[in-house]
Amino acid sequence: MPSILDREAIVAPRHFNRWLIPAAALAIHLCIGQVYAFSVFKIPMMGHFGTGEVAVGWIFSVAIAMLGLAAAFGGTWVERSGPRKSMVVAGTFWVAGFLVASVGIASGQLWLVYLGYGVIGGIGLGIGYISPVSTLMKWFPDRPGLATGLAIMGFGGGALIASPLSNSLMALFGGGTDPENLEAGLLQTFLTLAAVYAVVIALGALVIRVPHPDWRPSGWDPSTAAAKPLQTTANVSADSALRTPQFWLLWIVLFCNVTAGIGILENAAPMIQDYFDWITPAAAAGFVGLLSLANMAGRFAWSATSDYWGRRNNYMMYLGIGLALYLVIALVGGASLVVFILATMVILSFYGGGFATIPAYLKDLFGVFQVGAIHGRLLTAWSAAGIAGPLIVNSVLEAQAEAGLTGAGLYSLSLYIMVGLLAIGFIANLLVRPVHPKHHVPEARDREKEYAQ
Amino acid sequence: MSTPSGNSPSTRNSTGTAGTGTADARTADAGPARTGGAYQAVALVLALIVIAALAYGLVQTALKASALFTG
């Protein structure tokens with residue numbers, strides 16, 4: 001008799017409306033996507049703990065580092081345990097992280113916030129990020145790009161929701177919108193968010209289902225998938241995937257695409273003000289909002305189109321057109337606000353699209369067997385880019401400022417570095433070929449192996 | 001959440017792999033999860049929460065973004 005958390009307990013009947021599943025996947029991604037809105041707590045926390053921006057900034061950095069580690073090391077467990085158990089575990093870590101951080105806020109102990117939100121919450125982030133993705137791809141074998149776009153769009157959407165919600169909650173509990181009011185409302189805001197996320201993730205875990213082994217989308221013929229270039233019906237285990245050049249080529253592709261996107265995201269507000277000195281801080285904040293919308297829209301739209309164009313072609317677009325747009329910004333971005341905004345929006349939509357398309361690319365190359373685990377290991381590229389991107393951009397900015405450059409000139413060198421990175425990613429993507437059959441798991445063995453682990 | 005399904009046919013794996021220890025067989029062995037009225041209601045409520053939350057986030061962000069053109 002399986003536990004209610006086990007995969008066996010959530011097998012859908014043969015006739016089941018698969019469109020009930022994306023809401024469950026979105027539920028957890030919308031919750032954990034809050035991490036991208038962490039910056040709204042920066043100033044209140046700096047005031048509350050009497051510390052600087054760097055000390056508070058480490059909370060986010062630890063969380064993202066733990067995301068990559070948890071996804072890399074927990075991916076195989078997530079595949080084995082199924083989506084409900086992994087969503088419950090991810091939700092428990094995520095909510096417990098908020099609660100431990102709340103104790104840290106109440107007691108004035110910043111290290112408890114590192115431990116809670118950063119380490120414990122970060123583990124929830126990593127497990128939660130990958131837990132619904134492979135399940136959605138199994139429900140949408142005919143449209144894997146659409147499926148992963150739906151789920152990962154939620155991660156971008158989570159920040160759009162959490163940012164205004166957190167500000168409103170801090171103002172409500174603190175009795176106003178002044179910095180001291182927001183600071184006073186921190187604790188209650190963390191507790192409220194924990195409660196909301198616990199309920200929403202629990203509902204998602206209740207609703208999630210895995211398809212019946214005999215279930216197929218109506219009118220879908222699995223043999224058509226094998227007929228498309230770079231798409232396989234064979235399977236590769238997570239351990240074997242690490243030994244293929246394809247995995248590392250995609251690692252480079254993701255690393256380059258994310259690093260380039262962060263190059264814009266990291267400094268979006270000051271960048272537009274340096275390019276156009278008449279832009280006000282409020283308008284710059286509006287620009288950041290616009291980029292967030294482009295990031296989220298790109299996750300869904302570009303990933304969905306990859307079902308028609310092919311994953312490799314999509315990445316050629318992300319990296320090739322992205323490269324051209326970086327050049328446009330570097331060469332003529334300061335001449336026209338419209339060109340600057342459009343170019344950065346398209347780049348950010350490619351940044352989001354890159355995140356959302358990669359699981360479907362992995363499924364094409366390695367099959368669906370352990371795609372969640374392989375995806376988890378590939379997300380170490382995200383963690384690496386999260387360190388490299390800001391490091392490159394901020395180091396170059398400082399050096400350029402010391403050299404006496406101002407305005408748009410501050411950014412030229414870092415933009416050219418991003419062009420170089422995108423060129424490397426473009427070449428890596430071009431080199432992707434189907435995985436050699438020697439890496440395939442024998443049909444009779446693959447499912448047994450899944451449960452033997 | 002568990003309610004009688006009402007719309008679930010037999011779920012034995014028709015490929016004959018039941019009982020062999022494979023994942024598909026094991027999921028089929030366990031029988032279908034119930035997806036009746038209560039399940040449908042919870043799924044609908046969750047879908048509404050997700051749509052409302054996304055709409056809230058999109059509207060708030062669009063308002064913020066509009067400052068680029070007005071502020």
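The chains referred to below are lettered A, B, ... by the order of the sequence lines, with proteins before strands, and numbering in each begins at 1. All heavy atoms count here, side chains included; hydrogens, waters and symmetry mates do not.
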K.L.:
Heavy-atom pairs under 4.5 Å with chain B are the metric here; pick the option from Leu293(A), Leu26(A), Ile10(A) that has the most.
P.N.:
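Highest number of pairs under 4.5 Å: Leu293(A).
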K.L.:
Name the option with the most non-hydrogen atom pairs under 4.5 Å to chain B; the candidates are Gly204(A), Ala285(A), Gly157(A).
P.N.:
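Between Gly204(A), Ala285(A), Gly157(A), the count favours Ala285(A).
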K.L.:
Looking at side-chain heavy atoms only, is the closest gap between Leu58(B) and Met296(A) below 4.5 Å?
P.N.:
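Yes, at least one pair of side-chain atoms sits under 4.5 Å.
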K.L.:
Ile49(B) versus chain A, heavy atoms under 4.5 Å apart: side chain, backbone, both or neither?
P.N.:
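The side chain, not the backbone.
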K.L.:
Which heavy-atom pair separates Ala47(B) from Ala23(A) by the least distance, and what is that distance?
P.N.:
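It is CA-CB, 3.9 Å.
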K.L.:
As an exercise: rank Ala27(A), Pro22(A), Ser292(A), Gly158(A) by heavy-atom pairs under 4.5 Å with chain B and give me the winner.
P.N.:
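Looking at each of Ala27(A), Pro22(A), Ser292(A), Gly158(A) in turn, Ala27(A) comes out on top.
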K.L.:
Indicate yes or no: at least one non-hydrogen side-chain atom of Gln40(B) is less than 4.5 angstrom from one of Val207(A).
P.N.:
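Of all side-chain heavy-atom pairs linking Val207(A) with Gln40(B), none is under 4.5 Å.
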K.L.:
Restricting to non-hydrogen atoms, name the atom on Gln60(B) and the atom on Pro164(A) that form the minimum distance, rounded to 0.1 Å.
P.N.:
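In terms of heavy atoms, the two residues are closest at CB-CG, 3.7 Å.
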K.L.:
What part of Leu165(A) is in contact with chain B, defined as an atom under 4.5 angstrom from a non-hydrogen atom: side chain, backbone, both or neither?
P.N.:
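When you check distances to chain B, atoms from both the backbone and side chain of Leu165(A) fall under 4.5 Å.
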K.L.:
Check for a donor-acceptor pair, side chain of Tyr56(B) on one end and backbone N or O of Ile161(A) on the other, with a separation under 3.5 Å.
P.N.:
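No, the answer is negative, given that no donor and acceptor are paired below the 3.5 Å cut-off.
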K.L.:
Quick one: what part of Leu203(A) sits under 4.5 Å from any heavy atom of chain B, side chain, backbone, both or neither?
P.N.:
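Both backbone and side chain.
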K.L.:
Less than 4.5 Å to any heavy atom of chain B: does that hold for the side chain of Ala162(A), its backbone, both, or neither?
P.N.:
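Contact with chain B involves no heavy atom of Ala162(A) at all.
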K.L.:
Could you report the tightest heavy-atom contact between Ala65(B) and Gly289(A), atom names first, then the distance?
P.N.:
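Closest heavy-atom pair between Ala65(B) and Gly289(A): CB-C, 4.2 Å.
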K.L.:
Show the nearest heavy-atom pair for residues Tyr39(B) and Leu206(A), with the distance to one decimal.
P.N.:
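Result for this residue pair: CE1-O, 3.8 Å.
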K.L.:
Under a 4.5 Å heavy-atom cut-off, does chain B meet the side chain of Leu291(A), its backbone, both or neither?
P.N.:
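No part of it gets close to chain B.
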K.L.:
When heavy-atom pairs shorter than 4.5 Å are enumerated against chain B, which of Ala159(A), Gly154(A), Gly286(A) gives the highest number?
P.N.:
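Top count of heavy-atom pairs under 4.5 Å with chain B: Gly286(A).
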K.L.:
Pick whichever of Leu290(A), Asn17(A), Ile272(A) has the most heavy-atom pairs under 4.5 Å with chain B.
P.N.:
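Highest number of pairs under 4.5 Å: Leu290(A).
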